[in-house]
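All chains are named by letter (A, B, ...) in the order of the sequence lines, taking the proteins before the strands, and each is independently numbered beginning at 1. A quick note: this is a predicted structure, and the numbers were derived from the prediction, not measured.
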Amino acid sequence: MAQKPSIPKGTRDFSPAEMVRRNYIFDTIKEVFRLYGFQPIETPAMENLSTLMGKYGEEGDKLLFKILNSGDFISKVPQQMLDDKNSNKLTTKLSEKGLRYDLTVPFARYVVQNRSEISFPFKRYQIQPVWRADRPQKGRYREFYQCDVDVIGSNSLLNEVELVQIIDDVFKRLQINTVVKINNRKILAGIAEAIGEAERMIDITVAIDKLDKIGLEKVNAEMVAKGISETAVEKLQPILELEGSTQEKLDQIEQVIGETEVGAKGIAEMRTMFGYLENLELDTEVELDLTLARGLNYYTGAIFEVKSKDVQIGSICGGGRYDDLTGIFGMPDVSGVGVSFGAERIYDVLVQQDAFPSESLETTRALFVNFGEKEEAYCLPVLAKLRKAGINAEIFPESAKMKKQMTYANRKQIPFVILAGDNEIEAQKFTVKNMESGEQQLLNAEELIKILS
RNA sequence: GUGGUUGUAGUUCAGUUGGUUAGAACGCCGGAUUGUGGUUCCGGAGGUCGUGGGUUCAAAUCCCAUCAUCCACCCCA
């Protein structure tokens, strides 16, 4: 007990049964991505810390996993720094690499680094794990997979619309009822400007973000506590209490922020987007939600968040437009927009809804029971034929007791067991047992392939 | 980073006001059934009660520390 092996906090192993289900999710998502013309890329698990630092805000920097330099890293550090015991400063001396925190920043780095080979607009998808050093809790892990789709090098709002279609398509296929919440950073900036607190947009949005969680009064209190003036908070009230259709909401907001340049632009963008979306037959609900803020600071235009309607869990997909992410790497004026599907949360939703298709759980279709050397020799060529025909099949590798072999098939949920002993060999046939119904049939090799296909 | 929860068999948990040999269910292994699994019946293995210290004649039970865990906050997928 005392020395059971373990894995780091917030990480998980995936059993065969879990992998089958995870692959079902990944495959569904990939299929949809390809349908819209996106191409895959992969980037390394680790990036230079200089690439990662400062992109996710102060909070994000703290959550980066840093990789210790190799070799005798400590003796190169000046004694003075060791004595100071300032972790932040020391870190830059001890670590030059870190594990990726998301897929968007490495993607931006990739684009800048390979710009001469990429033809824009560049539509890529990327499905890989990311790592965050925060405390695990429900639906939160330290290692988890993101499934990103981004278009970079195009300002068109058509891209935003297409992303909503992708979201709709993916969750339709996965049979998850969703609501897509959309907001726009320009509107948020407009609001901040209109109430005379342009510099405090982040604080304001972070507070507004909690509206449905802690209520209006507490949100107001938090803003005041953060140093927002009371008159500004007062001006904000009509926006926090918005009601009605998207159209009506936009009209109301326009009255408050239409004067500001960013605000007007944000409103116009939203009008265009919702105009497109209205004419598409989407299953998912799409709504304008001003309380949607999203943490990552690099967003500049539309922001998205998708929630399950039936299962309460954090957002299962999110993203937005970032106008100048590549600028940090020396390639200005390239706009991108993308969303990220959270595979683990989608998994949790599907588990709770029991919505995994049963066919997807099968790995082996048929098992040959092993009776001994002579019988092995008889089965092997037919086994090869089955595989050639695309049927997943295996033979039990030793002539163990029947019970053991049957139990093996049962546990592995193999639907068919094939028996071939003296009688079958003599008749040049095989006995096939349907493990669910218990029925048995005596068939020749061709019939066998037919029934298993 | 802040606050809280819980650590007993492979798993989920029970364990009385501290009292002698720490239990159950499920799972696992074997047998009934040497060419038939999932059902049933019979039998068996498996725990230094998270770890270290303390109180006591006596600790799974009380106290302290430590580690782990889960949950909430911050933040986020």
Side-chain angles (χ1 to χ4, degrees), chain A residues 1-10 25 29 56-64 87 100-104 127-148 202 205-207 209-210 213-214 218 222 226 292-297 299 303-308 313-320 338-349 367-372 375 396 399-425 430-440 442:
Chain A
M1 269 299 282
Q3 302 212 326
K4 249 197 278 184
S6 64
I7 53 176
K9 178 199 298 205
I25 295 172
I29 290 174
Y56 310 105
E58 224 173 291
E59 206 67 38
D61 284 353
K62 278 190 222 156
L63 300 180
L64 284 170
S87 298
R100 73 166 101 78
Y101 178 90
D102 71 357
L103 301 178
T104 309
I127 299 179
Q128 289 190 277
V130 302
W131 294 269
R132 296 184 187 177
D134 65 355
R135 254 192 228 186
Q137 49 178 277
K138 198 182 191 122
R140 277 175 102 167
Y141 307 96
R142 294 183 130 182
E143 178 186 65
F144 61 97
Y145 276 71
Q146 290 194 328
C147 313
D148 272 36
I202 302 282
T205 53
V206 166
D209 188 38
K210 295 175 193 156
K213 216 172 187 176
I214 62 175
K218 286 189 178 172
E222 180 168 329
K226 284 258 171 81
L292 172 59
R294 290 199 61 74
L296 297 176
N297 328 7
Y299 293 125
I303 41 187
F304 306 98
E305 186 162 290
V306 183
K307 291 203 158 180
S308 158
I313 194 163
S315 64
I316 51 180
C317 177
V339 294
S340 179
F341 291 78
E344 353 286 314
R345 287 190 181 173
I346 292 172
Y347 183 96
D348 289 345
V349 170
L367 171 79
F368 283 83
V369 170
N370 191 325
F371 287 116
E375 292 84 351
F396 200 85
S399 70
K401 278 186 196 155
M402 256 305 244
K403 179 177 169 126
K404 182 164 175 143
Q405 302 193 42
M406 292 301 278
T407 303
Y408 174 83
N410 211 42
R411 292 245 177 88
K412 225 168 150 181
Q413 297 194 54
I414 299 174
F416 294 97
V417 167
I418 299 165
L419 303 109
D422 287 338
N423 296 344
E424 284 86 357
I425 294 178
F430 298 86
T431 298
V432 185
K433 180 178 173 109
N434 179 322
M435 290 297 276
E436 207 184 324
S437 66
E439 273 171 36
Q440 298 194 179
L442 192 63

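B:G44 is paired with B:C28 under the criterion used here, namely a Watson-Crick or G-U wobble arrangement in which both key atom distances are under 3.5 Å. The partner of B:U21 cannot be assigned: no Watson-Crick or G-U wobble pair with both contacts below 3.5 Å exists in any strand. In this structure, B:C62 and B:G54 make a Watson-Crick or G-U wobble pair, each of the two defining distances being under 3.5 angstrom.
Within 4.0 Å of A:D422, counting heavy atoms only, lies at least one base atom of the nucleic acid. Residue A:V206 is classed as a sugar-phosphate contact, given heavy-atom separations below 4.0 Å to backbone atoms only. No engagement by A:S340 is indicated, since no non-hydrogen atom pair under 4.0 Å with the nucleic acid exists. Here A:E143 lies out of heavy-atom contact (under 4.0 Å) with every strand. If you check every strand for non-hydrogen atoms under 4.0 Å, A:G438 touches a base.
Across B:C73 and B:G19, the matching C1' atoms stand 44 Å from one another, rounded to whole Å. Taking the P atoms as reference points, B:C49 lies 14 Å from B:G23, given to the whole Å. On the P atoms, B:C29 is 11 Å away from B:G38, given to the nearest whole Å. Distance noted for atom C1' between B:G7 and B:U66: 13 Å (whole Å). A distance of about 8 Å separates the C1' atoms of B:C67 and B:G50, rounded to the whole Å. Comparing the P positions of B:C62 and B:G27 gives a spacing of 33 Å, expressed to the nearest Å. Distance check on atom C1': B:G46 versus B:U11 gives 13 Å, rounded to whole Å.
The side-chain ring of A:F341 is not stacked on the base of B:A77, judged by centre separation under 5.5 angstrom and plane angle under 30 degrees.
A:M406 has its CE atom 14 Å from the C1' atom of B:U39, to the nearest Å. When the P atom of B:A77 is taken as reference, atom CZ of A:R132 falls 5 Å away, rounded to whole Å.
Side chain to side chain, A:D148 and A:T104 meet the donor-acceptor criterion of an N or O pair below 3.5 Å. If you check the side chains of A:T431 and A:E424, you find a donor sitting under 3.5 Å from an acceptor. Residues A:Y408 and A:K404 bring no donor and acceptor atom of their side chains to less than 3.5 Å of each other.
Side-chain proximity of A:K9 to B:C74, B:A77, B:U69: nearest is B:U69.
A donor-acceptor contact under 3.5 Å is not formed by the side chain of A:N410 with the base of B:G38. The base of B:U36 lies close enough to the side chain of A:K433 for a donor and an acceptor atom to sit less than 3.5 Å apart. Put simply, the side chain of A:Q405 and the base of B:G35 share no donor and acceptor less than 3.5 Å apart. Taking 3.5 Å as the limit, the base of B:U2 and the side chain of A:R135 contain a donor-acceptor pair of atoms between them.
Taking the centre and axis of the six-membered ring of A:F144, the NZ or CZ atom of A:R132 falls outside the cone set by 45° and 6.0 Å.
One finds a side-chain N or O of A:K401 lying less than 4.0 angstrom from the OP1 or OP2 phosphate oxygen of B:G31. Taking side-chain N and O atoms only, A:K404 has no distance below 4.0 Å to OP1 or OP2 of B:U34. OP1 and OP2 of B:A32 both lie 4.0 Å or more from every side-chain N or O belonging to A:K403. Under 4.0 angstrom from either OP1 or OP2 of B:A72 there lies at least one side-chain N or O belonging to A:Q137.
The residue among A:E222 and A:V306 whose nearest nucleotide of RNA chain B is located toward the 5' end is A:E222.
Exactly one residue among A:K307, A:E305, A:R345, A:E344 makes a side-chain contact (heavy atoms from CB on, under 4.5 Å) with A:I316. That residue is A:R345.
With rounding to the nearest 0.5 angstrom, the CG atom of A:L419 is 10.5 Å from the CG atom of A:L442. We find the NZ-CE distance between A:K401 and A:M406 to be 15.5 Å, quoted to the nearest 0.5 Å.
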